[in-house]
Every structure is written in C-alpha cells, then in structure tokens.
Amino acid sequence: MSATIDDATQASFARHPLGLTLNGQTRQLEVLPWTTLLDLLREHLDLIGTKKGCDHGQCGACTVLLNGKRVNACLTLAVMCDGADLTTIEGLAEGEQLHPMQQAFVKHDAFQCGYCTPGQICSAVGLANEGRASTTADIKELMSGNLCRCGAYSNIRDAIEEALPACRANAGQGGGQ
Amino acid sequence: MNPFHYSKPESVQDAVHLAGPASRFIAGGTNLLDLMKENVTRPEHLIDITGLPLREVHETDGGGLMIGALVSNADLAWHPLIEQRYPLLSQAILAGASPQLRNMASTGGNLLQRTRCYYFYDASVPCNKREPGSGCPARDGLNRIHAIFGASAQCVATHPSDMCVALAALEAVVHVQGRGGPRTIEFADFHRLPGDAPERDNQLADDELITSIELPATGFAEYSHYLKIRDRASYAFALVSVAAALDLSGPVIHGARLVLGGVAHKPWRDKSVENALVGKTVSRETFTAAADALLRNAEPLEHNAFKVKLARRAIVRALSDAALGGQA
C-alpha cells in the first residue's frame with residue numbers, strides 16, 4: 001500500500017515507533033500510519049509465509065495470531081500492534097519440530113495449491129486456543145473465515161479434528177494465551 | 001488508502017477533543033480500513049481508541065449489564081453473563097462475520113459499520129450515501145439485497161449488523177460522550193432512516209464517541225431465538241434475519257419482541273405487532289398473523305420481493321423456535 005503513496009508525501013507524515021514480540025523475538029520498528037500488519041510482514045520484514053489473498057478480510061489467507069487470537073493481518077494497522085505478541089506461520093514450529101497442527105495438515109494432505117494453508121493453520125491454532133469447537137459442525141462453522149479455492153475443505157477439517165486435542169494440551173505454544 | 005495522520009489518546013476526553021469532521025475513531029478497523037482501501041472513506045486523521053479504558057463488562061444496579069465499547073464481538077458473544085442472560089445477543093453476534101473479524105471488531109464499532117450496498121462500495125458509480133446528491137443506482141438497479149422497509153427516493157440501503165438486531169430487541173441504551181459531555185440514546189433512535197440525508201447512518205455528532213452499551217435487566221433468556229437467512233451457510237450478510245423473544249406463562253404470551261434485520265436502513269421493529277401478540281397463545285396461526293401484520297407495509301423493489309416471503313416464513317420459524325426455548 002505504501003508503494004501507492006509517493007516518497008515526498010510519505011516524508012510529510014510521521015513514522016511511529018512499533019515495539020512487538022514477533023515469533024518470540026523482540027522487535028523495535030518504525031512504521032507509517034497506513035502500513036497494514038500484512039504489508040509490514042511481507043514487504044518490510046520478509047516474512048512471506050502470511051499470504052495476501054483478497055486484502056479485504058474475506059478470505060483469511062492473512063490470518064495471524066495476535067496475543068494468541070486469530071486476526072486478519074490485512075485489516076490490521078501495524079501501528080496499532082505496539083506492545084503485541086505476534087505469531088505467524090513462521091513461528092509455529094519449534095526448530096525442526098512441526099506444530100501439531102502443521103503435522104496434521106501434512107498427514108491429511110489438507111491442501112492442494114497451498115496458498116491458503118498458512119492462514120488455515122494459524123486460524124486452526126486460534127480455534128484451538130478459543131476452546132469452543134467440540135463437534136465437527138463446530139469446526140466447520142468456526143473455520144468459515146478461511147476460504148480454500150481448491151476445495152480441500154474435507155481434509156482441512158479432518159486435520160483440525162485430529163490436532164485439536166494435542167493443541168489444547170499445548171495451549172500456550174504458538175502464541176496461545 | 002489515502003495517507004492520514006495517526007494519534008492514540010489515553011483518555012475519552014482527549015479522544016473527543018481530537019475528533020472533527022475529517023477524522024475517524026478506529027478500534028477493530030474491520031469495516032473502516034476496508035472502506036479506506038476502496039476509497040469510499042478518506043479520513044485525514046485516525047484516532048486510535050484502543051488505549052481507552054472501555055473494555056469492562058459489569059452489572060448495573062438495575063440488574064442489567066454495562067458493556068464497554070471496546071469489548072470485542074467474540075469476547076461479548078462468549079461472555080458468561082451474556083450467554084446466560086442474553087443468549088439472543090450471543091446468537092446474533094456469532095451469526096455475523098468470521099471468527100477472525102469477531103476477534104477484532106468492537107462492540108461500539110459494530111453499531112457504526114456501514115451498508116454493504118455494492119453501489120455504496122464502488123467509488124466509480126454515484127451513491128447518495130457516499131456522495132450526497134449524486135444519485136442512487138440501486139433503486140432501479142440490482143437491488144436484490146436492499147431494503148423493503150423505510151427506504152427513500154435517495155437511498156434503499158440496509159444496515160448490515162446482526163448484533164444490532166438483537167440489541168434493538170433487547171432495548172439496549174447507547175452511552176456516548178462528546179465535547180459537550182455524555183448523553184444516552186435509546187437503541188431504537190440510534191440509527192436513522194435514510195430520508196433525504198442518507199449520508200448519515202445514525203445520530204452521532206462528529207465529536208461523539210460510543211463509550212458503552214447498556215442492556216436492561218430483561219434478557220428473555222428462556223424464550224428467544226436469532227434466525228439468520230443468507231445466501232450460504234456461514235460468513236455472509238443476512239438477506240433477512242429475525243430476533244424473536246417471548247415472555248411466556250405456559251402457552252400464553254405476556255410480552256414479545258420481534259425485530260428484523262437485512263430489510264431496512266436500521267433494525268426494523270413495529271411495537272404494535274409485538275403488543276398484538278400479548279394475551280395470545282403460542283401457535284403457528286398466532287405467529288403467522290404477527291408476520292403478516294409486520295410485513296403488511298413492506299415496499300419491495302424490482303429484485304427483492306422474495307424478501308417479503310422469506311421474512312414471513314423466517315418470522316414464524318424464529319417465534320416458534322423462541323417458544324420452544326430457542327435451542328432449535
């Protein structure tokens with residue numbers, strides 16, 4: 001988005017300090033007011049795991065965990081994340097050890113093209129943190145904010161169903177609060 | 001998105017003193033930022049209110065609840081006191097948006113979300129709500145999702161909120177603060193009909209900030225139901241929605257609330273229809289008569305006459321489900 005506003009104009013607006021914990025690391029940054037969290041991650045921090053799908057909060061490809069809660073990074077201003085604990089898809093694994101939700105997505109082949117997958121996985125971890133899904137129907141309803149244009153929904157649902165107990169036991173990992 | 005200045009005040013006083021015609025308050029930002037990306041809204045200054053102390057839910061002396069304007073939609077829907085005493089409100093909130101958006105969106109912001117009329121959202125076409133006096137392509141255009149009640153020659157948009165339909169049924173009170181001090185607005189008066197000023201969705205002045213929403217003690221917890229009809233099973237705006245709440249003694253109705261969403265510029269309620277239900281016995285005939293009375297004055301457009309039929313059936317089903325205990 002900042003690319004559409006020329007340098008001279010940008011220079012006439014104040015940059016704001018932004019301190020956050022990003023995938024476990026403390027970061028101190030400066031941002032222009034209109035930079036979204038999604039653009040900060042992808043364009044400024046080279047964390048391109050989080051995807052830009054619709055950029056309007058309709059597809060869920062940009063889902064990240066903000067203080068353990070799933071949010072759309074495309075509709076979040078970076079400047080408003082000061083002090084936050086942010087987890088992206090890059091921060092879920094512990095070294096080489098995949099997060100249980102990642103393992104389940106691999107096991108169930110819960111993707112085709114993979115573009116929606118980081119958002120699906122972060123959203124599913126957020127779902128586990130919420131602790132509100134107890135049936136298959138709950139999982140379907142509470143994953144409605146993540147679209148998959150390949151239509152891998154049945155495998156995504158199976159993966160989440162299998163991983164939920166392990167994720168709940170591990171709540172606290174992956175930004176779980 | 002246009003460039004804008006940003007500030008983050010630490011008190012409500014400071015926030016309302018910063019506000020003006022070219023500024024907007026931002027909390028969840030889920031609708032505002034989307035509108036800014038579409039160039040529908042171009043504020044010069046965003047006032048971030050997320051640092052204000054408006055996140056509490058507490059009980060009032062009158063037995064109701066006071067909900068801070070910054071409580072997220074998800075936290076409100078899943079708050080134990082809301083689930084126990086105002087299940088209608090929980091159901092309505094959970095029927096709206098997606099889990100991500102409900103985590104972000106605030107209680108106050110939900111009231112202020114703008115119509116999803118596609119002409120309003122398309123900055124390349126006229127729209128009286130976006131550019132007063134430019135015209136309304138929806139009135140004679142693709143108006144399948146538009147109003148069947150209370151529209152004007154200038155605007156046929158609907159209010160998109162589910163939460164507000166339940167708040168109207170519960171007779172919530174909106175607490176606001178401006179530079180002149182605080183005031184309260186009855187929920188029924190908060191949103192406007194479009195009339196000849198469709199650019200104004202509600203009664204707030206430029207400097208006024210919603211600080212809290214008050215729920216009266218009566219929550220219709222035993223017999224209420226929120227029914228939402230949409231084009232897909234989840235994550236879509238209502239074509240028609242119904243908030244139905246009953247006060248029953250056996251099969252006899254002592255009180256009723258009946259509010260429609262997706263059909264007007266504000267949650268649509270007719271108290272005479274509710275009053276006519278009092279003293280009647282729960283039955284399909286009773287509820288059908290109420291639906292017919294409420295829909296008698298509907299004014300459908302070329303492409304949305306289906307909403308009248310849909311609303312009639314939805315009202316009967318919502319009232320029936322409410323009478324069964326709302327768990328259907």
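Hydrogens, waters and symmetry mates are skipped; everything else that's a heavy atom, side chains included, is used. Proteins come first, then strands; the chains are lettered A, B, ... in the order of their sequence lines, and each starts at number 1.
Neither the backbone nor the side chain of Ala236(B) comes within contact range of chain A; no heavy atoms are under 4.5 Å apart. Heavy-atom distances place both the backbone and the side chain of Thr76(A) under 4.5 Å from chain B. Heavy-atom distances place both the backbone and the side chain of Leu77(A) under 4.5 Å from chain B. Of the two parts of Leu94(B), only the backbone, made up of N, CA, C and O, holds a non-hydrogen atom closer than 4.5 Å to a non-hydrogen atom of chain A.
With values rounded to the nearest 0.5 angstrom, Asn146(A) atom CG is found 4.5 Å from Gln100(B) atom CD. Separating the CG atom in Asn2(B) from the CD1 atom in Ile5(A) is a distance of 7.0 Å, to the nearest 0.5 Å. Interatomic distance, NZ of Lys37(B) versus CG of Asp55(A), reported as 3.5 Å (0.5 Å rounding). For the atom pair CZ of Arg70(A) and CZ of Arg102(B), the computed distance is 8.0 Å after rounding to the nearest 0.5 Å. Atoms OG1 and CG, from Thr30(B) and Asn72(A) in turn, are 9.0 Å apart once rounded to the nearest 0.5 Å. Between the CZ atom in Arg232(B) and the OG atom in Ser144(A) there is a gap of 8.0 Å [rounded to 0.5 Å].
The shortest non-hydrogen separation linking Ser98(B) to Gly145(A) is CB-CA, 3.5 Å.
Of the residues considered (Ala97(B), Ala233(B), Pro3(B)), Pro3(B) shows the highest number of contacts with chain A, using heavy-atom pairs under 4.5 Å.
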Verify side chain to side chain contact (heavy atoms under 4.5 Å, CB included) between Trp34(A) and Met36(B), making sure each step is shown before the conclusion. CA-CA 10 Å; Trp34(A) 51 85; Met36(B) 288 169 66; over 6 Å; no
Leu66(A) vs Asn103(B), side chain to side chain contact (heavy atoms under 4.5 Å, CB included): CA-CA, chis, key distance, verdict: CA-CA 10 Å; Leu66(A) 194 63; Asn103(B) 279 339; over 6 Å; no
Walk me through it: do Leu46(B) and Met80(A) pass the test side chain to side chain contact (heavy atoms under 4.5 Å, CB included)? CA-CA 11 Å; Leu46(B) 286 191; Met80(A) 291 175 69; over 6 Å; no
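Residue-level contacts of residues 131-142 of chain A with chain B, in order of numbering, are Arg132(A), Glu141(A), Leu142(A); threshold 4.5 Å between heavy atoms.
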With a 3.5 Å cut-off and sequence neighbours excluded, list the donor-acceptor pairs that the side chains of residues 16-33 of chain A form with protein atoms.
| unit_1 | atom_1 | unit_2 | atom_2 | d |
| --- | --- | --- | --- | --- |
| Asn23(A) | OD1 | Thr88(A) | N | 2.8 |
| Asn23(A) | ND2 | Thr88(A) | OG1 | 2.9 |

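Side-chain atoms of Asp34(B) and Gln58(A) form no donor-acceptor pair, as typed in the model, at a separation below 3.5 Å.
More than 12 heavy atoms of other residues, nucleotides or ligands lie within 6.0 Å of CD in Glu199(B), so this atom counts as buried by the packing criterion. Atom CZ of Arg114(B) has more than 12 heavy atoms from other residues, nucleotides or ligands within 6.0 Å.
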